Amino acid sequence: MGYWLLKSEPDVFGIDHLKDRPDQTEPWDGVRNYQARNMLRDQMRAGDLAFLYHSSCAVPGIVGIVQIVREGYPDVSQFDPDARYYDPKSSPANPRWYRVDVRYKRHTKRVLPLAELRTYADGPLAELPLLRKGNRLSVMPVTPGQWEFILALENR
DNA sequence: GCCAACGTTGGC
DNA sequence: GCCAACGTTGGC
């Protein structure tokens with residue numbers, strides 16, 4: 001099973017929004033970065049788990065856990081001229097952008113702030129892309145070791 | 001609001 | 001293919 005971290009802005013698509021959906025499942029769409037696209041399209045598998053991270057807010061950090069319930073498929077918002085994520089260079093025959101479906105699992109017992117995660121940037125979380133300078137990836141892999149370490153932080 | 005870092009675009 | 005200009009991200 002794979003582990004991931006997904007970033008969102010809580011004002012746009014927060015964990016409470018996901019939890020309040022009828023089946024607690026939504027497409028993870030609007031990703032318009034090739035590196036992130038490749039992971040959505042090629043590497044994520046149904047059943048994988050992901051930390052949900054809130055960015056651009058008062059306390060950026062990990063707020064919950066979601067499950068990938070549908071593997072990568074074309075992000076239809078790229079074909080809609082009226083959609084925010086429309087891409088005129090893409091077409092259904094040759095889609096450029098992909099999305100997965102995610103289902104709410106749970107909130108973490110507490111928010112795990114970026115500032116706290118950073119204190120482990122020279123140790124167990126040294127290779128976590130989130131903590132690397134200038135990182136802007138909205139989808140990133142998490143190793144099993146990093147996953148277990150972060151989960152353990154919940155109880156501190 | 002500021003600004004560093006990064007990705008993309010487009011002229012050459 | 002290079003690289004300057006530009007737009008975006010995202011912490012602070």
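Convention: sequence-line order gives letters A, B, ...; per-chain numbering from 1. Please read these numbers as outputs of a predicted model, since none were measured by experiment.
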Among [options], which nucleotide sits nearest the side chain of [X]?
{"X": "A/K7", "options": "C/dG11, B/dG7, C/dG10", "result": "C/dG10"}
{"X": "A/Y34", "options": "B/dG7, B/dT8, C/dG11", "result": "B/dT8"}
{"X": "A/K133", "options": "C/dG10, B/dG7, B/dA5", "result": "B/dA5"}

Whole-Å gap separating [atom2] ([N]) and [atom1] ([X]):
{"X": "A/E9", "N": "C/dG11", "atom1": "CD", "atom2": "C1'", "answer": "12 Å"}
{"X": "A/R32", "N": "C/dT8", "atom1": "CZ", "atom2": "P", "answer": "14 Å"}
{"X": "A/I62", "N": "C/dG10", "atom1": "CD1", "atom2": "P", "answer": "14 Å"}
{"X": "A/R132", "N": "C/dG11", "atom1": "CZ", "atom2": "P", "answer": "16 Å"}
{"X": "A/L130", "N": "C/dT9", "atom1": "CG", "atom2": "C1'", "answer": "13 Å"}
{"X": "A/R37", "N": "B/dT8", "atom1": "CZ", "atom2": "P", "answer": "10 Å"}
{"X": "A/Q35", "N": "C/dT9", "atom1": "CD", "atom2": "P", "answer": "15 Å"}
{"X": "A/L6", "N": "C/dG10", "atom1": "CG", "atom2": "P", "answer": "12 Å"}

query = Going hydrophobic residue to hydrophobic residue with side-chain gaps under 4.5 angstrom, can you get from A/V76 over to A/V100?
reply =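 In one cluster: no.
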Is a side-chain donor or acceptor of [X] paired with a backbone partner of [Y] at a separation under 3.5 angstrom?
{"X": "A/R41", "Y": "A/R99", "result": "no"}
{"X": "A/Q67", "Y": "A/R103", "result": "no"}
{"X": "A/S8", "Y": "A/F13", "result": "yes"}

ask   = Within the structure, does a side-chain N or O atom of A/Y53 lie under 4.0 Å from either OP1 or OP2 of C/dG11?
value =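 Yes, A/Y53 has a side-chain N/O under 4.0 Å of OP1/OP2 on C/dG11.
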ask   = Counting only heavy atoms not in A/R84, do more than 12 sit closer than 6.0 Å to its CZ atom?
value = no
query = What do the steps show when you test A/S138 against A/R32 for side chain to side chain donor-acceptor pair (under 3.5 Å), and what is the final call?
reply = CA-CA 9 Å; A/S138 60; A/R32 295 293 182 268; over 6 Å; no
key: Aromatic A/Y104 / basic A/R106 pairing, under 6.0 angstrom, 45° off normal   =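 Judged by the rule, A/R106 and A/Y104 form no cation-pi pair.
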task = Strictly below 4.0 Å, heavy-atom distances to any atom of DNA chain C: list the hits from residues 85-96 of chain A, or just say none.
result = none
